[in-house]
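Take a look at the structure set out below.
If you're wondering where the values come from, they're calculated on a predicted model, not measured in any experiment.
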Amino acid sequence: MSKWQIPAKGGNMEADNGIYYQNMTNREVEERLKQNDVILIPVGSTENHGPNSPYGEDTYLDTRLCEQVAKATGCTVAQPIWYGSHPYHHLGMPGTIMIPEETLADYLCYVFAGFWNTGFRKMIVVNGHGQDYVIPLAIHKFGKKFQVPGIILYVHFWNCAKEQLDVKDNGGPYNTPFIHADEVEQSWSLALFPEFCKQEYAVATKPAPMLPPGHINNSAERGVGPIKWYNAFGSVGMECICTPEGVIGDPKLADAEKARKGVERTLDYLEKLVKDILTTYPAGELPPIEKVTQRKREDIEAVIKGPAKGGRHIYTLTY
């Protein structure tokens, strides 16, 4: 029997239970850092997902996963980034709040800096929205700009589930391939935040590809073609023109049980990742300075110590 709660029952964003960083006092954070200095940073979006699912779907997918991992490992979760980047074909879709790529990357870079300065120097970015072309940019911006020892890893949790996002012919549980707000994504939504889903209003639509099949990979990146969906322009029709319903596929086929194995696999992986990081670098320990930066050692040691303990803050290096 799985230790994970599926379907999940309620969230924790306003709970005084030590899961979310923003709900903790500085004294509580100081004690947490002595035991566990890993923080999960959910990066979501506010996006039209049709008449049966909330605008915050991509964010709740992240947070509900992170909350269970925090309970299992003792790590901390940051309140989510609610607004994300979107591909060109989302442009103009009512209800979808689009943030320019450069703006989001810079924003995330300084979120990382703030958590590093606080003491959370091992960060895992958890994302379930299609902005894979932005988050790596933010990580490398941080690394180049600040050049301090730490760990920032990006997990697009769809990639953890592997064949459990695929169709039945490929070993998965689904009848149709994953695109957007469809059988696959809605099954995960029903598994993680069923209280926000209104299946009685679900509608089905058809995709609007503009190239022959076999070239562009689908959202699950399960081998449909060698070109990832976000590495293309002119391959699909605009959502606001072709699928104004906010759905691409058939969410009426969704079922929480279809998502169970994929959700469990994702939670198992995230738990292992947190534990492996802390096994390699226990709380308070970092990758060796001499291997990750050529800044002056005394400067790096000062910002590691931090301003509250006789050192300096990270922004004395750059801002």
Side-chain angles (χ1 to χ4, degrees), residues 13 20-22 29 37-48 55-63 66 75-93 95-159 228-233 277 286-287 292-295 299-300 302-304 306-307 311-319:
M13 282 196 224
Y20 279 100
Y21 169 83
Q22 281 84 351
V29 167
D37 53 358
V38 173
I39 191 162
L40 307 179
I41 305 175
V43 181
S45 75
T46 298
E47 176 181 46
N48 194 326
Y55 287 112
E57 177 170 307
D58 290 348
T59 306
Y60 287 123
L61 288 167
D62 297 339
T63 57
C66 289
C75 73
T76 306
V77 183
Q79 292 278 358
I81 309 297
W82 279 101
Y83 304 101
S85 170
H86 295 259
Y88 80 93
H89 56 273
H90 287 193
L91 195 68
M93 188 67 179
T96 295
I97 313 301
M98 300 183 68
I99 304 301
E101 291 72 38
E102 298 84 356
T103 302
L104 181 60
D106 285 340
Y107 183 89
L108 288 171
C109 176
Y110 282 93
V111 169
F112 302 154
F115 279 122
W116 195 97
N117 195 57
T118 300
F120 289 102
R121 292 163 183 172
K122 298 150 193 172
M123 309 173 217
I124 302 172
V125 181
V126 180
N127 171 49
H129 170 64
Q131 49 202 352
D132 298 83
Y133 46 89
V134 180
I135 296 172
L137 174 61
I139 291 172
H140 289 283
K141 275 178 171 280
F142 174 85
K144 293 171 183 177
K145 189 175 186 67
F146 292 98
Q147 300 178 44
V148 291
I151 296 170
I152 307 178
L153 302 175
Y154 166 42
V155 178
H156 191 144
F157 67 77
W158 295 128
N159 294 328
K228 294 182 179 181
W229 65 268
Y230 52 86
N231 290 338
F233 173 81
I277 290 171
L286 294 170
V292 298
T293 181
Q294 289 190 327
R295 290 189 186 274
D299 291 336
I300 298 301
V303 296
I304 290 174
R312 300 200 301 267
H313 60 71
I314 192 174
Y315 309 105
T316 58
L317 299 175
T318 184
Y319 183 80

Val134 and Ala105: which non-hydrogen atoms are nearest, and at how many Å? CG1-N, 3.9 Å
With heavy-atom distances below 4.5 Å as the criterion, would you say the side chains of Cys75 and Ile39 are in contact? no
Does the side chain of Glu47 reach to within under 4.5 Å of the side chain of Glu57, using non-hydrogen atoms? no
Heavy-atom count around Gln294 CD within 6.0 Å, excluding the residue itself: above 12? no
Are any of the side-chain heavy atoms of Tyr319 and Phe146 separated by less than 4.5 Å? no
Find the distance between CE (Met98) and OG1 (Thr103) and round it off to the nearest 0.5 Å. 12.0 Å
If you take the centroid of each ring, where Trp contributes its six-membered ring, are Trp82 and Tyr60 closer together than 6.0 Å? yes
Side chains of residues 112-123: which donor-acceptor partners sit under 3.5 Å, not counting sequence neighbours?
{"unit_1": "Trp116", "atom_1": "NE1", "unit_2": "Pro149", "atom_2": "O", "d": "2.8"}
{"unit_1": "Asn117", "atom_1": "OD1", "unit_2": "Ile314", "atom_2": "N", "d": "3.0"}
{"unit_1": "Thr118", "atom_1": "OG1", "unit_2": "Gly114", "atom_2": "O", "d": "2.9"}
{"unit_1": "Arg121", "atom_1": "NE", "unit_2": "Trp116", "atom_2": "O", "d": "2.8"}
{"unit_1": "Arg121", "atom_1": "NH1", "unit_2": "Ile304", "atom_2": "O", "d": "2.8"}
{"unit_1": "Arg121", "atom_1": "NH2", "unit_2": "Trp116", "atom_2": "O", "d": "3.4"}
{"unit_1": "Arg121", "atom_1": "NH2", "unit_2": "Val303", "atom_2": "O", "d": "3.4"}
{"unit_1": "Arg121", "atom_1": "NH2", "unit_2": "Ile304", "atom_2": "O", "d": "3.3"}
{"unit_1": "Lys122", "atom_1": "NZ", "unit_2": "Asp37", "atom_2": "OD1", "d": "3.0"}
{"unit_1": "Lys122", "atom_1": "NZ", "unit_2": "Asp37", "atom_2": "OD2", "d": "3.1"}
{"unit_1": "Lys122", "atom_1": "NZ", "unit_2": "Tyr281", "atom_2": "O", "d": "2.8"}
{"unit_1": "Lys122", "atom_1": "NZ", "unit_2": "Pro282", "atom_2": "O", "d": "3.0"}
{"unit_1": "Lys122", "atom_1": "NZ", "unit_2": "Glu285", "atom_2": "O", "d": "2.9"}

Report yes if the side chains of Tyr20 and Thr76 come closer than 4.5 Å at any heavy-atom pair, otherwise no. no
Answer yes or no: is there a side-chain heavy-atom contact under 4.5 Å between Leu61 and Phe157? yes
To the nearest 0.5 Å, what is the distance between CD1 on Ile81 and CD1 on Ile135? 9.5 Å
Are side-chain heavy atoms of Pro80 and Val43 found at a separation under 4.5 Å? no
Rounded distance (nearest 0.5 Å) linking atom CG of Leu108 with atom CD1 of Ile139: 8.5 Å
Pairing residues for Lys145 by the salt bridge (charged side-chain N to carboxylate O under 4.0 Å, His left out) criterion, not counting sequence neighbours: none
When rounded to the nearest 0.5 Å, the distance separating CZ of Arg295 from CG of Leu317 is 5.0 Å
Carboxylate-amine/guanidinium proximity below 4.0 Å for Asp299 and Arg312: yes
If you apply the rule side chain to side chain contact (heavy atoms under 4.5 Å, CB included), what do you find for Val77 with Thr63, and how did you get there? CA-CA 8 Å; Val77 183; Thr63 57; 5.8 Å; no
At their closest point, which heavy atom of Leu286 faces which heavy atom of Gly150, and how far apart are they? CD2-CA, 4.2 Å
How many angstroms lie between atom CE of Met93 and atom NE2 of His86, to the nearest 0.5 angstrom? 11.0 Å
Nearest 0.5 angstrom please: Ile152 CD1 to His140 NE2, how far? 10.0 Å
Is there a side-chain contact between Gln79 and Tyr21 in this structure, where contact means two heavy atoms from C-beta onward sitting under 4.5 Å apart? no
Considering only distance and modelled atom types, tabulate donor-acceptor pairs under 3.5 Å from the side chains of residues 124-131, sequence neighbours left out.
{"unit_1": "Asn127", "atom_1": "OD1", "unit_2": "His129", "atom_2": "N", "d": "2.9"}
{"unit_1": "Asn127", "atom_1": "OD1", "unit_2": "Gln131", "atom_2": "NE2", "d": "3.1"}
{"unit_1": "Asn127", "atom_1": "ND2", "unit_2": "His129", "atom_2": "O", "d": "2.7"}
{"unit_1": "Asn127", "atom_1": "ND2", "unit_2": "Tyr154", "atom_2": "OH", "d": "2.8"}
{"unit_1": "His129", "atom_1": "ND1", "unit_2": "Ser45", "atom_2": "OG", "d": "3.4"}
{"unit_1": "His129", "atom_1": "ND1", "unit_2": "Asp58", "atom_2": "OD2", "d": "2.8"}
{"unit_1": "His129", "atom_1": "NE2", "unit_2": "Ser85", "atom_2": "O", "d": "2.7"}
{"unit_1": "Gln131", "atom_1": "OE1", "unit_2": "Ser85", "atom_2": "N", "d": "2.8"}
{"unit_1": "Gln131", "atom_1": "NE2", "unit_2": "Gly44", "atom_2": "O", "d": "3.2"}

Mind checking whether Cys109 and Phe142 have side chains closer than 4.5 Å, heavy atoms only? yes
